[in-house]
Amino acid sequence: MNRLIGHIDLDYFYAQVEEVENPALRERPVIVCVFSGRTEDSGVVSTANYRARDFGVHSGMPIVSAKKRLEGTNPAIVRMDHEKYEAVSARIMENVNQLVDVLEPTGIDEAFFDITSSADGDYDRGREIAESIKKSVFESEHLTSSIGLGRSKVVAKLGSDLSKPNGLTVITPEKTSDVLGPLPVGKLYGVGPKTSASLNEIGIKTVADLARADPSDLERLFGRKFGAYLLAAATGTDDAPVVAGLEPTQFSRIVTLKEDTKDPHEVVSQLAPGIGYIEAKLAASKMSFRTVSAIGILTDLSTKTRSKTFETPVVGVSVIHEEATVLFAELASSAGRDFRRAGIRVSGLAHTEDQSSLSEFVGTPR
DNA sequence: GTTATGCATCC
DNA sequence: CCTCCTTGCATAAC
């Protein structure tokens, strides 16, 4: 069966939300920033609108560097408001979900969707549906988006990337190898700087090179699973389905400490709001956890973690605070240097609610 | 088989 | 000068 898989990406999401809220910003460079609180302007740019990108500003850039590049351009420097963007995102996902067979959100500003049935396997009908999705998002929230449509998730994701901003790229199965072939391997979903470098070393530069690579070479270099994935990705034949309603498997929060330290009590005290946030997420989603991890980013920016798994799911929350202190003490003694940043993570999540209807449906274990 | 840790990716 | 979050995997140790 001819699958029609889409990927939608909301354009420069955080900055565009700020523009919608305050249209005067549209005429100016806008950067949405994460301020770490260490010094006045320490932190990075999370999202920049295209006017700011014209001056070489991009996400991940230190705020200080971005300001320098934007000197004399009357830039708008906005503090990130995650909750605001969450609310907009949730409305959009709900809206788009009505227009597709299956929706799989993969981030606050993007989602995969499957429209094989509603397009009846036809790419012209698929294009119309994709256009109606873009139109619906724009009319309801005044936000532009970019969509890619193709035979697989990798092709769809690539398509949305090629079309942004405010575009639509339809890559039919017949055109797939022509479109993908000339691109550098790093354009493929799941292929970052490390994998790109390894591939380049053995003479694989483009997606076409990768598509005709020796499978056993790839397996030897990257392992069975990832090796097979790379080949499938390059030929556009990756067959992962679009899955709705995936549950989160972990919650985490990382903060930058006011000063470098290795004192576990100081770390945990600065982490208290983060722990509170995780507790709130657990409560809101009615979930328990089994593993708690301390995450330490040292002064040399290397990362060390220390975790503890409990026999049975933990519902209460004072456990996080207590265990964090122990774990950070252990980390500090083994780390050798101070912490610059610190985080906490809970994983092994499960629903706490008594699901009697579900247990009836599943039946009793033998 | 389960747990601990690090790595890579991506947002 | 260097934020923050999620997922999956490999590997070693238990």
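Values below: all heavy atoms of this structure, side chains included; hydrogens, waters and symmetry mates excluded. Below, chains carry the letters A, B, ... as their sequence lines are ordered, and counting in each starts from 1.
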*Using the test side-chain contact (heavy atoms from CB on, under 4.5 Å), find all partners of A:A15 that sit at least two apart in sequence or belong to another chain.*
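A:A15 satisfies side-chain contact (heavy atoms from CB on, under 4.5 Å) with A:Y12, A:V30, A:V32, A:T47, A:N49 only.
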
With sequence neighbours excluded, what pairs up with [X] under the side-chain hydrogen bond (donor to acceptor under 3.5 Å, both in side chains) test?
X	value
A:Q16	A:T144
A:S46	none
A:N166	A:K134
A:R253	none

*Is the NZ or CZ atom of A:K308 both under 6.0 Å from the centre of the six-membered ring of A:F310 and within 45° of that ring's axis?*
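Output yes; distance and angle both within limits.
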
*Evaluate whether atom NZ of A:K258 has more than 12 neighbouring non-hydrogen atoms of other residues, nucleotides or ligands under 6.0 angstrom away.*
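Incorrect, the count does not exceed 12.
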
*Counting heavy atoms not belonging to A:R26, are there more than 12 under 6.0 Å from its CZ?*
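Yes, the 6.0 Å shell around CZ holds more than 12 heavy atoms from other groups.
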
Once you apply a heavy-atom cut-off of 4.0 Å, does [X] come out as touching a base, just sugar-phosphate, or nothing?
X	result
A:S59	nothing
A:V45	nothing
A:S42	sugar-phosphate

*Of all nucleotides in DNA chain C with an atom under 4.0 Å from a non-hydrogen atom of chain A, which is the first and which the last going 5' to 3'?*
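The protein-touched segment is C:dC2 to C:dA10.
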
*Establish, from distance only, whether the side-chain atoms of A:T261 and A:D263 form a donor-acceptor pair under 3.5 Å.*
no

*If you round to the nearest 0.5 Å, how far is CG of A:L188 from CG of A:L230?*
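Reported to 0.5 Å precision, the distance equals 8.0 Å.
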
*asked:* Please report the interatomic distance OG(A:S152) to NE2(A:H7), rounded to the nearest 0.5 Å.
replied: 12.0 Å

*Quote, to the nearest angstrom, the P distance that separates C:dC4 from B:dA8.*
22 Å

*Determine the Euclidean distance between corresponding C1' atoms of B:dC10 and C:dT3; express it in Å to zero decimal places.*
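C:dT3 and B:dC10 have their C1' atoms separated by 14 Å.
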
_Need to verify one output field. Residue with the more 5' nearest nucleotide on DNA chain B, A:R290 or A:K304?_
A:R290

_Under 4.0 Å from a heavy atom of chain A: give me the 5'-most and 3'-most nucleotides of DNA chain B that qualify._
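First and last nucleotides in contact are B:dT3 to B:dC11.
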
_Can you list, in residue-number order, the parts of residues 87-94 of chain A that come under 4.0 Å of DNA chain B, counting heavy atoms only?_
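None - not one residue of the stretch has a heavy atom sitting under 4.0 Å from the strand.
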
*asked:* Among residues 140-156 of chain A, which ones have heavy-atom contacts with DNA chain B below 4.0 Å?
replied: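 Listed by number, there are none.
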
_Assess whether a salt bridge exists between A:D54 and A:R51, defined as any Lys/Arg side-chain N lying under 4.0 Å from an Asp/Glu carboxylate O._
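The answer is no: the pair does not qualify as a salt bridge.
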
*Should the pair A:H142 and A:F138 be assigned to parallel (<30°), tilted (30 to 60°) or perpendicular (>60°) ring geometry?*
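Taking A:F138 first and then A:H142, their aromatic rings stand perpendicular (interplane angle over 60°).
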
_Neighbours of DNA chain C within residues 203-233 of chain A, by heavy-atom distance under 4.0 Å_ = A:K225

Less than 3.5 Å apart, which donor and acceptor atoms pair up between the side chains of residues 87-95 of chain A and the rest of the protein, not counting sequence neighbours?
{"residue": "A:S89", "atom": "OG", "partner": "A:I108", "partner atom": "O", "Å": "2.6"}
{"residue": "A:R91", "atom": "NE", "partner": "A:E141", "partner atom": "OE2", "Å": "2.8"}
{"residue": "A:R91", "atom": "NH2", "partner": "A:E141", "partner atom": "OE1", "Å": "3.0"}
{"residue": "A:N95", "atom": "OD1", "partner": "A:S136", "partner atom": "OG", "Å": "3.0"}
{"residue": "A:N95", "atom": "ND2", "partner": "A:S136", "partner atom": "OG", "Å": "3.1"}
{"residue": "A:N95", "atom": "ND2", "partner": "A:S140", "partner atom": "OG", "Å": "3.2"}

*Can you name the closest pair of heavy atoms from A:D41 and A:I63 and give their distance?*
O-CB, 3.5 Å

*Taking ring pair (Phe, Tyr, Trp, His ring centres under 6.0 Å) as the test, write out the residues that go with A:F289, two or more places apart.*
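Partners of A:F289 under the ring pair (Phe, Tyr, Trp, His ring centres under 6.0 Å) test: none.
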
